[in-house]
Amino acid sequence: MPRGSGSGFMWDDKGHIVTNFHVIEDGVEFLVTLPNQEQRQAKLVGKEESKDIAVLELQGNLSGLFPITPGTSKDLL
């Protein structure tokens with residue numbers, strides 16, 4: 001697996017992707033591969049090293065994105 005490879009998830013239809021900080025840590029440019037294998041450029045919009053989390057924002061056309069549906073923990077046992 002190439003350095004900087006990792007996973008993430010589409011947070012919203014505005015192109016925000018949540019991933020881990022260690023995935024983007026040394027990056028300057030970011031290329032995201034979508035589930036349909038299309039690759040898109042993204043820019044870093046936020047990071048928190050101590051929590052190992054980062055947010056990228058896809059550039060260009062945002063049609064056809066499939067963000068997650070946030071759940072709730074109220075019914076957990």
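The residues of the chain are indexed from 1 along the displayed sequence.
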Residues Val45, Leu56; criterion side-chain contact (heavy atoms from CB on, under 4.5 Å); working and verdict
CA-CA 6 Å; Val45 294; Leu56 299 172; over 6 Å; no

Would you check if [X] and [Y] make a side-chain contact, meaning some heavy-atom pair closer than 4.5 Å?
X	Y	result
Gln41	Leu31	yes
Phe21	Asp52	yes
Lys43	Gln59	yes
Val32	Ile17	yes
Glu49	Glu25	yes
Leu44	Val28	no

Given Leu58 and Leu65, is the side-chain contact (heavy atoms from CB on, under 4.5 Å) satisfied, shown in steps?
CA-CA 10 Å; Leu58 286 179; Leu65 301 180; 3.8 Å; yes

Other residues, nucleotides and ligands only: do more than 12 of their heavy atoms fall within 6.0 Å of CD on Glu38?
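Counting neighbours around CD of Glu38, more than 12 heavy atoms of other residues, nucleotides or ligands fall under 6.0 Å, so yes.
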
Once you round to the nearest 0.5 Å, how far does CG of Leu34 lie from CD of Gln39?
9.0 Å

Donor-acceptor pair, side chain of Thr19 and main chain of Ser7, under 3.5 angstrom
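Present.
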
N/O donor-acceptor pair under 3.5 Å between Asn20 side chain and His22 backbone:
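A pair under 3.5 Å: no.
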
Hey, mind stepping through Val18 and Ile53 against side-chain contact (heavy atoms from CB on, under 4.5 Å) and telling me if it holds?
CA-CA 7 Å; Val18 179; Ile53 194 165; 3.9 Å; yes

Table please: side-chain donor-acceptor pairs of residues 66-77 below 3.5 Å, with sequence neighbours left out.
unit_1 : atom_1 : unit_2 : atom_2 : d
Thr72  : OG1    : Lys74  : N      : 3.3

Which pairs of donor and acceptor atoms, one on a side chain in residues 8-16, lie under 3.5 Å apart (sequence neighbours left out)?
unit_1 : atom_1 : unit_2 : atom_2 : d
Asp12  : OD1    : Lys14  : N      : 3.0
Asp12  : OD1    : Gly15  : N      : 3.3
Asp12  : OD1    : His16  : N      : 3.1
Asp12  : OD1    : His16  : ND1    : 3.1
Asp12  : OD2    : His16  : ND1    : 2.9

